[in-house]
A.B. asks: 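Encoded as structure tokens, here's the structure I'll be asking about.
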Amino acid sequence: SAMNDSTFIIQRFEELKPARSVYPNSEVINFICTILEDFSDEFLTKCMYHYRWVHDPTYAGRGIALMQGNPSISKERMEFVGSSIERRQVSRLAIVGSNDLTGPIIEEFYQGFIRKLDAHLASGYPFLLGSRPSSADFAVLGQLHPMISLDPKTSTITRSLSNRVCSWYSLTTDLSGLSLKDQDKGWITDIPPTLFQLLADVGKYYVPLLIANQVAYKKGEKEFSFKIDSGVTWTQPTFRYQSKCLDCLRETFESLTRKDDVLKALSGTGIEQLFTTSSL
């Protein structure tokens, strides 16, 4: 059967080609990698969806029509298909949690994320977890692709925030020339302050969403709400898949031999409550 989840595709590649691994060799750092990958797939994607279908809906709709169809289709066909895609995607903004109240929060988070990623790269780390790319880098890359390379208004915003992140994006899209002289080296061994800041945003924005979704899902509720610390109420439909994501993170944590070291590394980020709250 077809496989379209990047997490499982990467796992399959790792089995087939274990050299040049994108998984850190430290159990603690590898678990941090797992958290960042999940966060990118499940929360950073909300930024991508919001910006694309709020700031660049017509361009994005027509772009999809041309790329999924044929670049030589007529203007009339492009506009017809593009407008159909645009209407459908815009109508789904509320499903990912984007509305008049949360839109500014999503944009505040995204702009802060780009600035903090810029600071991390500027502090001497070419990638999130060292001098080599991890699966977390590729998860971030996937969400930033339309926000840097495709959608005009959004890419202008991103480029105005950080030339460095845009250069990181270009580099990471093709790493065929990256040389790894030692397969065991290149990973961080502890959490630098700039990475801690990124993790703190995971704890501030994504963790409350995961917890609220999990509680609602277990109660059979179709919608959940929670407050961001700015006081804004975030409301969206309950997702079974995000419940599965949290269960998977907790199961992986329970399988670790260095649980205390992981909790110590995460202390103060807010992420640790995912693994210390028994009721979840």
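Owing to the predicted nature of the structure, the values given are computational and were not obtained by experimental measurement.
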A.B. asks: Within the distance-only criterion (no hydrogens, no angle test), does the side chain of S155 pair as donor or acceptor with the backbone N or O of D151 below 3.5 angstrom?
C.D. replies: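 Yes, because the side chain of S155 sits within donor-acceptor range (under 3.5 Å) of the backbone of D151.
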A.B. asks: Would you confirm whether R132, through its side chain, and S21, through its main-chain N or O, come within 3.5 Å as a donor-acceptor pair?
C.D. replies: yes
A.B. asks: Would the number of heavy atoms belonging to other residues, nucleotides or ligands and lying under 6.0 Å from CZ of R77 be above 12?
C.D. replies: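 Counting other residues, nucleotides and ligands, CZ of R77 stays at 12 neighbours or fewer.
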A.B. asks: Flag the pair L210 / E42 as yes when at least one side-chain heavy-atom distance between them is below 4.5 Å, and no otherwise.
C.D. replies: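 No, every pair of side-chain atoms sits at 4.5 Å or beyond.
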A.B. asks: Indicate every side-chain donor-acceptor pair of residues 133-147 with a distance under 3.5 Å to a residue at least two apart or in another chain.
C.D. replies:
residue, atom, partner, partner atom, Å
S134, OG, A136, N, 3.2
S134, OG, D137, N, 3.4
S134, OG, D137, OD2, 3.0
S135, OG, E37, OE1, 3.0
D137, OD1, L128, N, 3.0
D137, OD2, S134, N, 2.9
Q143, OE1, T45, OG1, 3.1
H145, ND1, Y169, OH, 2.6

A.B. asks: Can you list the steps and then say if K153 with D56 is a salt bridge (Lys or Arg N to Asp or Glu O under 4.0 Å)?
C.D. replies: CA-CA 6 Å; K153 292 181 181 179; D56 290 292; 5.8 Å; no
A.B. asks: May I ask you to decide if the ring planes of W234 and F226 are parallel, tilted or perpendicular, using 30° and 60° as cut-offs?
C.D. replies: parallel
A.B. asks: Tell me whether the rings of Y205 and F43 are parallel (<30°), tilted (30 to 60°) or perpendicular (>60°).
C.D. replies: tilted
A.B. asks: Flag the pair F109 / L44 as yes when at least one side-chain heavy-atom distance between them is below 4.5 Å, and no otherwise.
C.D. replies: yes
A.B. asks: Return yes if a side-chain donor-acceptor contact under 3.5 Å exists between E223 and T235, otherwise no.
C.D. replies: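 Per modelled atom types, E223 and T235 side chains form no pair under 3.5 Å.
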A.B. asks: Where is the tightest heavy-atom contact between V232 and L101, given as atom of each residue plus distance?
C.D. replies: CG1-O, 3.7 Å
A.B. asks: Is there a donor-acceptor pair under 3.5 Å between the side chain of T277 and the backbone N or O of L274?
C.D. replies: no
A.B. asks: With distance as the sole test, does D174 use its side chain to make a donor-acceptor pair with the main-chain N or O of S176 at under 3.5 Å?
C.D. replies: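 Yes: the side chain of D174 pairs with the backbone of S176.
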A.B. asks: For the aromatic rings, using the six-membered ring if either is Trp, is the centroid distance between F239 and F224 under 6.0 Å?
C.D. replies: no
A.B. asks: Between the side chains of T58 and E86, is a donor N or O closer than 3.5 angstrom to an acceptor N or O?
C.D. replies: yes
A.B. asks: Measure the shortest side-chain to side-chain distance between L93 and N99 over non-hydrogen atoms and say whether it is less than 4.5 angstrom.
C.D. replies: no
A.B. asks: May I ask you to decide if T233's main-chain N or O and S225's side chain share a donor-acceptor pair within less than 3.5 Å?
C.D. replies: no
A.B. asks: Okay, side chain of R240, backbone of Y217: is any donor-acceptor separation there less than 3.5 Å?
C.D. replies: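 Checking the backbone N and O of Y217 against the side chain of R240, no donor-acceptor pair under 3.5 Å is found.
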A.B. asks: Return yes if some donor-acceptor pair links the side-chain N/O of R159 with the main-chain N/O of C166 below 3.5 Å, else return no.
C.D. replies: no
A.B. asks: Using atom types as modelled and distance alone, determine if a side-chain donor or acceptor of S131 lies under 3.5 Å from a backbone N or O of F127.
C.D. replies: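 Here the side-chain-to-backbone pair does not exist.
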A.B. asks: Taking atom CZ of R20 as the centre, does the number of heavy atoms from other residues, nucleotides or ligands within less than 6.0 Å exceed 12?
C.D. replies: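 Counting other residues, nucleotides and ligands, CZ of R20 exceeds 12 neighbours.
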A.B. asks: List the atom pairs, with distances to 0.1 Å, where a side-chain N or O of residues 263-273 and a protein N or O form a donor-acceptor pair under 3.5 Å, not counting sequence neighbours.
C.D. replies:
residue, atom, partner, partner atom, Å
T269, OG1, L266, O, 2.6
T269, OG1, I271, N, 3.1
T269, OG1, E272, OE1, 3.4
E272, OE1, G270, N, 2.9
E272, OE2, G268, N, 3.2
Q273, NE2, G270, O, 3.0

A.B. asks: Does a donor on one side chain sit under 3.5 Å from an acceptor on the other, for Y206 and D38?
C.D. replies: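 Looking only at side-chain atoms, D38 and Y206 do form a donor-acceptor pair, the distance falling under 3.5 Å.
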A.B. asks: Is the closest side-chain heavy-atom distance between R87 and S84 below 4.5 Å?
C.D. replies: yes
A.B. asks: Are any of the side-chain heavy atoms of H120 and P192 separated by less than 4.5 Å?
C.D. replies: yes
A.B. asks: Could you tell me whether the side chain of M48 reaches within less than 4.5 Å of the side chain of Y110, counting heavy atoms only?
C.D. replies: no
A.B. asks: Would you indicate whether the side-chain heavy atoms of P208 and I228 approach each other to under 4.5 Å?
C.D. replies: no
A.B. asks: Donor-acceptor pair, D118 side chain versus S162 backbone, under 3.5 Å?
C.D. replies: no
A.B. asks: Can you confirm whether the side chains of K46 and Q236 place a donor and an acceptor under 3.5 Å from each other?
C.D. replies: yes
A.B. asks: Quick one: does L199's side chain get under 4.5 Å of I191's, heavy atoms only?
C.D. replies: yes
